[in-house]
Chemist: 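Got a structure for you, written out below as structure tokens; questions coming shortly.
Just so it is clear, the values below take in all heavy atoms, side chains as well, and ignore hydrogens, waters and symmetry mates. Each chain gets a letter, A, B and so on, in the order its sequence line appears, and its residues count up from 1.
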Amino acid sequence: MKSEPDVFSFDDLMSRPERTEGWDGVRNYQARNFMRDDMRVGDPVLFYHSNTKPPHVAGLARVASAPRPDRSALDPRSEAFDEKATEEDPRWVLVDVQGIASLERPVALAQMRDNPRLADMPLVRRGNRLSIVPVTDEEFEEVLRMAETPCPPELPLSAGR
DNA sequence: GCCAACGTTGGC
DNA sequence: GCCAACGTTGGC
């Protein structure tokens, strides 16, 4: 899951109550559908910092709720306001994300591009703009290795997914 | 700052 | 339903 650290960083997540925040503001249907259809509580998450130098994976997190309506779509003062959203059909969803641990060594996008094991990751594909993209267990573990970070017990990789 | 890639909008 | 114009993302 991508976030611009100037807007909301991994450290920001870690300083939230229970290290948890609703992932609001997603306004792309494909990204929304990943949250709505493919995520389960407990799924491991790579927290990626975009639009920064260098872009990198900063930390580990987990999905902490089922998908639920993103009410920022209903708030005219929100940047993520959507005039087509209604109480009956808010159109957009979010999941809660809980921070687990920062990486021993953040993994830069360029490093991931250089790693043939990660060649199939949507994240490293050219022109990819989706703010939420899937990661396989194998890719997740490879990023952990590159980050010299052991897999935290909170992230049961072989269980779900 | 540039620009490639891609999504969305709206005229037809 | 097509597609040109436009806006946004985000790496470089």
Side-chain angles (χ1 to χ4, degrees), chain A residues 1-16 20-39 43-64 67-136 138-149:
Chain A
M1 301 177 87
K2 296 186 193 176
S3 184
E4 300 189 15
D6 288 349
V7 179
F8 185 74
S9 69
F10 186 71
D11 284 344
D12 292 332
L13 177 64
M14 293 300 271
S15 64
R16 287 292 194 271
T20 300
E21 180 84 328
W23 203 262
D24 64 0
V26 170
R27 295 294 178 268
N28 172 284
Y29 289 108
Q30 239 184 306
R32 178 199 71 179
N33 294 349
F34 282 133
M35 291 195 285
R36 189 189 63 189
D37 304 333
D38 298 330
M39 286 186 171
D43 279 352
V45 171
L46 296 175
F47 193 114
Y48 175 83
H49 281 167
S50 65
N51 222 348
T52 189
K53 289 181 183 178
H56 62 277
V57 177
L60 306 174
R62 62 190 283 276
V63 175
R68 53 191 179 83
D70 177 356
R71 300 190 55 82
S72 68
L74 301 168
D75 178 3
R77 287 160 305 182
S78 168
E79 274 197 33
F81 175 66
D82 179 353
E83 58 184 10
K84 293 179 190 148
T86 63
E87 287 285 342
E88 299 72 37
D89 179 18
R91 292 182 90 213
W92 302 105
V93 303
L94 56 75
V95 296
D96 288 334
V97 174
Q98 180 177 42
I100 300 294
S102 58
L103 297 182
E104 291 291 328
R105 300 191 188 285
V107 179
L109 178 62
Q111 282 178 267
M112 293 193 275
R113 289 230 162 97
D114 287 343
N115 185 337
R117 288 180 165 141
L118 303 181
D120 291 334
M121 282 182 92
L123 182 66
V124 309
R125 295 236 187 87
R126 207 175 124 209
N128 159 60
R129 297 185 318 161
L130 275 182
S131 63
I132 300 178
V133 282
V135 181
T136 67
E138 291 76 16
E139 290 160 349
F140 199 99
E141 285 169 352
E142 183 65 17
V143 172
L144 285 180
R145 272 193 290 277
M146 296 169 76
E148 298 174 28
T149 302

Chemist: Would you please confirm or rule out a distance under 4.0 Å between OP1 or OP2 of C:dC12 and any side-chain N or O of A:K53?
Modeler: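 Answer is no, no contact under 4.0 Å.
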Chemist: Side chain of A:R126, heavy atoms from C-beta onward: which of C:dG11, B:dT9, B:dA4 has the nearest atom to it?
Modeler: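 Nearest nucleotide to the side chain: B:dA4.
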Chemist: Under 4.0 Å, heavy atoms only, any strand: does A:R113 hit a base, just the sugar-phosphate, or nothing?
Modeler: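 If one applies the 4.0 Å heavy-atom cut-off, A:R113 turns out to touch the sugar-phosphate alone, with no base involved.
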Chemist: Between C1' on B:dG7 and CG on A:D82, what's the gap in Å once rounded to a whole number?
Modeler: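 To the nearest whole Å, that distance equals 15 Å.
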Chemist: Rounding to a whole Å, what distance do you find between A:N128:CG and B:dC3:P?
Modeler: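 Between P of B:dC3 and CG of A:N128: 22 Å.
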Chemist: Output the single nucleotide from C:dG11, B:dA5, B:dT9 whose closest atom is nearest the side chain of A:S50.
Modeler: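 Nucleotide nearest to A:S50's side chain: C:dG11.
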Chemist: Taking the minimum atom-to-atom distance to the side chain of A:K2, which one of B:dT9, C:dG10, C:dC12 wins?
Modeler: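 So the nucleotide nearest the side chain must be C:dG10.
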Chemist: Whole-Å distance between C:dG7 C1' and A:R27 CZ?
Modeler: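 Between C1' of C:dG7 and CZ of A:R27: 17 Å.
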Chemist: Separation of A:R129 atom CZ from B:dG7 atom C1', in whole Å?
Modeler: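 It is 5 Å, rounded to the nearest whole Å.
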Chemist: Between C1' on C:dG10 and CD on A:E4, what's the gap in Å once rounded to a whole number?
Modeler: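 Atom-to-atom, A:E4 to C:dG10, this comes out as 8 Å.
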Chemist: Take the protein atom CD of A:Q111 and the nucleotide atom P of C:dC12, then report the distance between them rounded to whole Å.
Modeler: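 Rounding to the nearest Å, CD of A:Q111 and P of C:dC12 are 13 Å apart.
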Chemist: Report the distance from atom CG of A:L130 to atom P of B:dA4, rounded to the nearest whole Å.
Modeler: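 The distance from CG of A:L130 to P of B:dA4 comes to 20 Å, rounded to the nearest Å.
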Chemist: Provide, to the nearest angstrom, the distance between the CE atom belonging to A:M112 and the C1' atom belonging to C:dG11.
Modeler: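 Roughly 12 Å, once rounded to whole Å.
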Chemist: Mind checking the CZ-CH2 spacing from A:F47 to A:W23? Nearest 0.5 Å is all I need.
Modeler: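 Rounded to the nearest 0.5 Å, the CZ-CH2 separation comes out at 4.0 Å.
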Chemist: So how far is it from A:L103 CG to A:L144 CG, rounded to the nearest 0.5 Å?
Modeler: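 Separation between the atoms: 7.0 Å.
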Chemist: Hey, what do you get for OG (A:S3) to CG (A:L13), rounding to the nearest 0.5 Å?
Modeler: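 Result: 9.0 Å between the selected atoms.
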Chemist: Given A:R105, which partner from the list A:Q111, A:E148, A:H56 fulfils the side chain to side chain donor-acceptor pair (under 3.5 Å) test?
Modeler: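 Filter result, single survivor: A:E148.
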Chemist: Reckon A:Y48 has a side-chain N or O less than 4.0 Å from the OP1 or OP2 of C:dG11?
Modeler: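 For A:Y48, the contact criterion (side-chain N or O under 4.0 Å from OP1 or OP2 of C:dG11) is met.
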Chemist: Is there a donor-acceptor pair closer than 3.5 Å between any side-chain N or O of A:R16 and the backbone N or O of A:G99?
Modeler: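 A pair under 3.5 Å: no.
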Chemist: Quick one: on DNA chain B, does A:Y29 or A:G127 contact a more 5' nucleotide (nearest heavy atom)?
Modeler: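 On the 5' side of the pair lies A:G127.
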